[in-house]
Amino acid sequence: MIVTVSPNPSMDRTMCIDQLRHGDVIRSHRSYSEPSGKGVNVAVALHANSIDVVTVLPAGGFTGVQITEMLSDLGVPYIAVPIAQEIRSNVSLVEHNATVTKINEVGPSLDVAEATSLVREALEQVGAGDWLVLCGTLPDGAVERLYIDLVKGARGRSARVAVDTSGKPLRTVLPYRPDLVKPNAGELAELTGRALETLGDVVDAAEELRRQGARTVLASLGSDGAILLDDSGCYFGQARVDRVVSAVGAGDALLAGFLAGGANGPQALREGLAWAAAAVQQEGTLYRGRGPRTRVDISDDLDRNRALQEPCTAAGLPAGSLV
Ligand SMILES: Nc1ncnc2c1ncn2[C@@H]1O[C@H](COP(=O)(O)OP(=O)(O)OP(=O)(O)O)[C@@H](O)[C@H]1O
Ligand SMILES: O=P(O)(O)OC[C@@]1(O)O[C@H](CO)[C@@H](O)[C@@H]1O
């Protein structure tokens, strides 16, 4: 069983436009809303691939009701923890050339009782050998230790923990030894304070995260693919993608596929990359399953000297593309 948690879920509103023109009135030719937040996206992808999953999220206000109704319609099992404030809405402006501008709201603030129920409800779902997957930003309020409490609680239940977050929540959770972390290039650069110009730099940064406590590091590098560093070795992989439509949620699909593929070694990386390739070829975040054939190339036991010669274009980006 896989239990995902989104402490700060969102209703993702995607608007498809021709071109973004700053300061202009732009008319979208298609728009829609989807239940989202990274943990919700991971759960939707796993459910679409018939993997046993439950997603735990706070739900407040009209948007909270809408998100849970949409999850019910999709048949995705969820636990909604009632909160007083309204769940956020995040906007993605998708241009015809697949450039995405994303505006993420801060989201609601949780009080002590709400944060405590979120932790309790999530931990009630996990048993020995399960995965607890902690995803996204933390909301405001009494949640500073939320991921730390969840990692410690999961340990007490002999469950494994994956974390996909950024900044302080990622830095502070590492000493509690999560089994898996999935930083993107910007998050790796921010955490290590280094510019990542080559794949070798990414490997060095991933090693630094392992030294700080992560057991396995799955570093996603946008169009450059992904690097996996775990007890069995270091692997680099890339999937063949014919046409990128939108990369929003691709990291969540990568993580979901990696978990579904056994969360270990090149085979899991291959599965994750195939799911991510499917995600970038569709609009929005609502993962609809992988395509029939995706070519994925994996370099087993990545050679460090060669990696230092390979440029990493994604790693030069700032941490995220949030406006
Ligand atoms: N432009 C692209 N072309 C091909 N593959 C891509 C592209 N962008 C992303 N991918 C695939 O998706 C994976 C995850 O992408 P990325 O590193 O952008 O994740 P992320 O920043 O965590 O995304 P998100 O937070 O939106 O889920 C990459 O490792 C890669 O396999
Ligand atoms: O603001 P956070 O919690 O970092 O990320 C939230 C979010 O950007 O992540 C998903 C893509 O991974 C989107 O569906 C969602 O809007």
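Indexing begins at 1, ligand by ligand and atom by atom, following the structure's order.
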| request: Decide whether the shortest distance between a heavy atom of Ala239 and an atom of ligand 1 is less than 4.0 Å. | output: no

| Lys182 neighbourhood, listing ligand 1 atoms whose heavy-atom distance to it stays under 4.0 Å | 22 (O)

| said: Under 4.0 Å between a side-chain nitrogen and a carboxylate oxygen: does that hold for Arg194 and Asp201? | reply: no

| query | Salt bridge check: are Asp231 and Arg210 linked by an N-O gap of less than 4.0 Å? | reply | yes

| request: Could you establish whether Lys38 and ligand 1 come within less than 4.0 Å of each other, counting only heavy atoms on the residue side? | output: yes

| message | Closer than 4.0 Å to some heavy atom of Gly136 - which atoms of ligand 2 meet that? | response | 3 (O)

| request: Could you list the atoms of ligand 2 found under 4.0 angstrom from a heavy atom of Asn41? | output: 10 (C), 11 (C), 13 (C), 14 (O)

| query | Would you say ligand 2 has an N or O under 3.5 Å from any N or O of Asn8? | reply | no

| query | Between Ala226 and ligand 1, does any nitrogen or oxygen pair lie at a separation below 3.5 Å? | reply | no

| From CA spacing to verdict: salt bridge (Lys or Arg N to Asp or Glu O under 4.0 Å), Asp179, Arg155 | CA-CA 10 Å; Asp179 298 273; Arg155 282 272 168 278; 3.5 Å; yes

| query | Do any nitrogen or oxygen atoms of Val244 lie less than 3.5 angstrom from nitrogen or oxygen atoms of ligand 1? | reply | no

| side-chain hydrogen bond (donor to acceptor under 3.5 Å, both in side chains) partner of Asn41, chosen from Asp164, Asp12, Asp252 | Asp252

| Atom indices of ligand 1 within 4.0 angstrom of Ala276 heavy atoms, with elements | 11 (C), 12 (O), 13 (C), 31 (O)

| Point-to-point distance, once rounded to the nearest 0.5 Å, from CG of Leu123 to NZ of Lys152 | 12.0 Å

| said: Whether Asp297 and Arg295 form a salt bridge (side-chain N of Lys/Arg under 4.0 Å from carboxylate O of Asp/Glu) is what I want to check. | reply: yes

| query | What part of Thr137, side chain, backbone, both or neither, has a heavy atom within less than 4.0 angstrom of ligand 2? | reply | both

| Identity of the nearest option to atom 5 (N) of ligand 1, non-hydrogen atoms only, from Asp224, Asp164, Leu218, Val241 | Val241

| request: Give a yes-or-no answer on whether the side chains of Thr63 and Arg88 include a donor-acceptor pair shorter than 3.5 Å. | output: no

